[in-house]
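Step one of this worksheet: look at the structure below.
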Amino acid sequence: MTKKFYVTTAIDYVNAEPHIGHAFEKVIADAFVRWKRSKGENVFFLTGVDENAQKNVQAAESSGIPVKEFIDKNTASFVELCRKLDISYSNFIRTTDKKHSIEVKKIVKKIIDEGDIYKGIYEGLYCVGCEAYYTEKDLIDGKCPEHNKKPELRKEEAYFFKLSKYEKELKKIIPKYVLPKFRGNEVLSRIDEGLKDICVSRKGATWGISFPNDENYKIWVWIDALLNYYSGADGNWPADLHIIGKGINWFHSVIWPAILLSAKVPLPKKLFVHGYLNTEGKKMSKSLGNVISPLKLIEKYGTDAVRYSLLRCSVFEDTDYSERILVTRYNNELANKLGNLVSRVSGLIEKTGIEKTPNKLIKKLNEKKINKFMENYELDKALNEIFSFIDNCNEYVQKKKPWETKDKKVLYELKESLLKVAELLSPFIPESAEKIKKDFSAKKIKKGEPLFVKIEFSTPKSVPQIMKVNGKEKINKFKKPEGIMSVDEVEFKEWEKMDLRVAQIKKVEDIPGADKLYKLSIDVGELGVRIICAGLKEFYTKDRLKSKKIIYFANLKPRMMKGIESQGMLLAASTEDHKKVSLILPDSEVENGSRIG
RNA sequence: AGCGAGGUGGAGCAGUCUGGAGUGCUCGUCGGGCCCAUAACCCGGAGGUCGCGUGGUUCAAAUCCCGCCCUCGCUACCA
């Protein structure tokens, strides 16, 4: 049996629910995998979750749920995300799997035998309060930002990996391995700054995989995590393609090949580093509260709408993404261009019929170009090219006027072209592509339900159809727009659910590592004292906030921000670009905890 | 600070590597066409000194070189 083409995504931390970035990566990988398969290749596709990270433990602890239970719950939502996104993975790995930890230990053992792991002294600034090491730049005035105490210089025994040994070899590998080129260059220039050996053990950690022959240490989670590609390969190693985000490029470009070199395991062929999604030009982060939930989007708009809108994003560069962008793309491209074309052609065929003829229209389709883009992993450009052919089809209908000419041959060409379009789109929007295929392969082609129900932000009304006939304006009839779905209007019942209160700020504190966030303790009268995180640091000094009465959204689902549970949010006005932020305050003196509404 | 990316009609992009009339795409806007289709589809217009130096190279610069300004990202556990 020949080896399968092996594709992986990064494995995700399960310290929180999946966000849109996770969906982005999975969809890219899936579309690519489906395309490969459509070319007759046998593809093995691995995705999964990193469950051994310390972060997971922290998140579990602060939400008061046992680690295992917490992880199982979050892993389930990542599995659900894959299912709802139609991700056609072959294997889903969890790094707590026994099989995985056995493989990890084996490889680590090999590296030890190779003499590439040695015991040394780890020296760092340790804050007793945090029970964690800090680097110089984490500190504020040389003090731990959380406890405002000088950390102590602490030394402990640890295991180190001889990363520096592989510097030369890595520099040779990277240019061919990393895609796009500029990501490879970034890494290379960092290697030139010096490659230090890395600490690969964690002493006294309770979660994770133990060192072989030394139970006092857990293996650094990255070694563990990276090896998922190997342990989950199911006999298909080496990987042909790793798909990851730019944030973990270093680990995949440098540490990962070094580990494999040391363990004498073949190297993966390509590393595909995609960019990030931003919201309204801003980085997505929990502290900004602008994280988009893919599960919610799917629920609201459907799998293919989410897949399509994500796949239209530039793969290598960072791209702006928002619900509004999703809706715009969905309406303009899926509903108006493609959906409408399917409707008009199937409707015409139902009325007129078809007659076989050579397909001249399809000549406008540049399939070579599309394949070229796909081979270069430029999915967005391939998709663009397909849609430019869809434009050609719409132009063709317009030009040939088959509703007038009753030309069955033209309709045959359109039918054939749409079948081709469906084939080309199936890696991107499998469900809709399948529908198109089915519609146009039927013996008796009929106009079906709209393929993409259009989304409108306001309630649709009946609109008069105004037509100009021979230069004279004529109101034809009141036509109810078809296939319009209304969203984003809030029922009074929904509004009522919101518990808004007046609250007074009692304490303002910095949060370590957060440059925008304050931790606020607020007095909400009968509801007691609550802790919230607010991104106000750029706009308000601590003194200006202290003892202010603000409007507080009390029953907002609590969320973790920088390791702190934010129990609700305060209301503030902000300009579009978020450059100006102003708190909303009660007009006159009211009691803490007063209801608003 | 270092490294990286970018500055192209009102918005967002492509074009720059490999120089050839400001060309293209999506949205918006204005006008027209069409009445098959999900108010969709098609055609056309307006709108830009391609960040600045009226810098250099060249017959020719958005594209190559130099300088400057501005914005954004990354800097070792974030997809």
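We use all heavy atoms of the structure for the numbers below, so side chains are in, but hydrogens, waters and symmetry mates are not. Note on naming: letters A, B, ... go to the chains in the order of the sequence lines (proteins, then strands), and numbering restarts at 1 for each one.
Side-chain proximity of A:K246 to the nucleotides B:C34, B:G73, B:U75 is greatest for B:G73. Each of B:C42, B:C36, B:A76 was ranked by its minimum atom distance to the side chain of A:E395; first place goes to B:C42. For A:K351, the side-chain atoms get nearest to B:C36 when compared with the rest of B:A76, B:C35, B:C36. Comparing B:U26, B:C34, B:U38 against the side chain of A:P450 picks out B:U38 as the nearest. In the set B:C27, B:A39, B:C42, the nucleotide with an atom closest to the side chain of A:Q398 is B:C42.
Under the ring-ring contact (aromatic ring centres under 6.0 Å, His included) criterion, A:Y217 pairs with A:Y159, not counting sequence neighbours. For A:I325, the side-chain contact (heavy atoms from CB on, under 4.5 Å) test picks out A:D320, A:S322, A:R329, with sequence neighbours left out. Looking at residues two or more places apart in sequence or on another chain, you find a side-chain contact (heavy atoms from CB on, under 4.5 Å) between A:K246 and A:R183, A:V273, A:Y276, A:D318. Considering only residues two or more places apart in sequence or on other chains, A:A60 meets the side-chain contact (heavy atoms from CB on, under 4.5 Å) condition with A:V67, A:F70. Here A:H22 pairs with nothing under the side-chain hydrogen bond (donor to acceptor under 3.5 Å, both in side chains) rule; sequence neighbours left out. For A:D86, the side-chain contact (heavy atoms from CB on, under 4.5 Å) partners two or more places apart in sequence, or in a different chain, are A:R34, A:T303, A:R307, A:P430, A:E431. Residues satisfying the side-chain hydrogen bond (donor to acceptor under 3.5 Å, both in side chains) criterion with A:S253, sequence neighbours excluded, are A:N249. For A:D50, there are no salt bridge (Lys or Arg N to Asp or Glu O under 4.0 Å) partners two or more places apart in sequence or in a different chain.
The stretch residues 335-343 of chain A comes close to RNA chain B through A:A335, A:N336, A:K337, A:G339, A:N340, A:S343, each having a heavy atom under 4.0 Å from the strand.
Applying the ring-ring contact (aromatic ring centres under 6.0 Å, His included) test to pairs two or more places apart or on separate chains, those with a residue in residues 325-345 of chain A are A:Y330-A:F452.
Comparing the C1' positions of B:G12 and B:G6 gives an interatomic distance of 14 Å, to the nearest angstrom. For the C1' atom pair drawn from B:U58 and B:C65, the interatomic distance equals 12 Å after rounding to whole Å. Going from the P atom of B:C70 to that of B:C27 covers 36 Å, rounded to whole Å. B:C3 and B:A46: their P atoms are spaced 46 Å apart (whole Å). Across the C1' atoms, B:G2 and B:A11 are found 33 Å apart, a figure rounded to whole Å.
No hydrogens or angles considered: nothing links the side chains of A:N56 and A:N15 as a donor-acceptor pair under 3.5 Å. For the residue pair A:T47 / A:K26, a side-chain donor-acceptor distance below 3.5 Å is found, with atom types taken as modelled.
Heavy-atom nearest nucleotides on RNA chain B were determined for A:R344 and for A:T328, and the one closer to the 5' end corresponds to A:T328. Across the interface with RNA chain B, nearest-nucleotide mapping of A:G245 and A:K399 shows A:K399 to be the residue nearer the 5′ end.
The CD1-P distance, from A:I390 to B:C42, rounds to 11 Å in whole Å. Rounded to an integer number of Å, the gap from CG of A:N331 to C1' of B:G28 is 15 Å.
Paired regions of RNA chain B, where each region holds three or more successive Watson-Crick or G-U pairs whose two hydrogen-bonding distances fall under 3.5 Å, are B:1-7 with B:69-75, B:10-14 with B:23-27, B:29-33 with B:41-45, B:51-53 with B:66-68.
Residue A:N332 is in sugar-phosphate contact alone, with no base atom involved, counting any heavy-atom pair closer than 4.0 Å across all strands shown. Here A:K26 lies out of heavy-atom contact (under 4.0 Å) with every strand. Among the protein residues, A:R312 comes within range of no part of the nucleic acid, since none of its heavy atoms lies under 4.0 Å from any strand. Counting any heavy atom pair closer than 4.0 Å across all strands shown, A:I244 reaches sugar-phosphate atoms only and no base atom. A:V254 comes within 4.0 angstrom of nothing in the nucleic acid, heavy atoms only. As judged by a 4.0 angstrom heavy-atom cut-off over every strand, A:L451 is placed among the base-contacting residues.
Phosphate proximity of B:C78 to A:Y13: present, with a side-chain N or O under 4.0 Å from OP1 or OP2. Between A:K401 and B:C35 there is no side-chain polar atom (N or O) within less than 4.0 angstrom of OP1 or OP2.
Between A:F24 and A:H274, a ring centre-to-centre spacing shorter than 6.0 Å is recorded.
Salt-bridge check for A:K369 with A:E385: passed, with a basic side-chain N closer than 4.0 Å to an acidic carboxylate O.
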field: Contact state string [nucleotides 8-17 of chain B, B base, S sugar-phosphate only, - no protein heavy atom under 4.0 Å]
entry: ----------
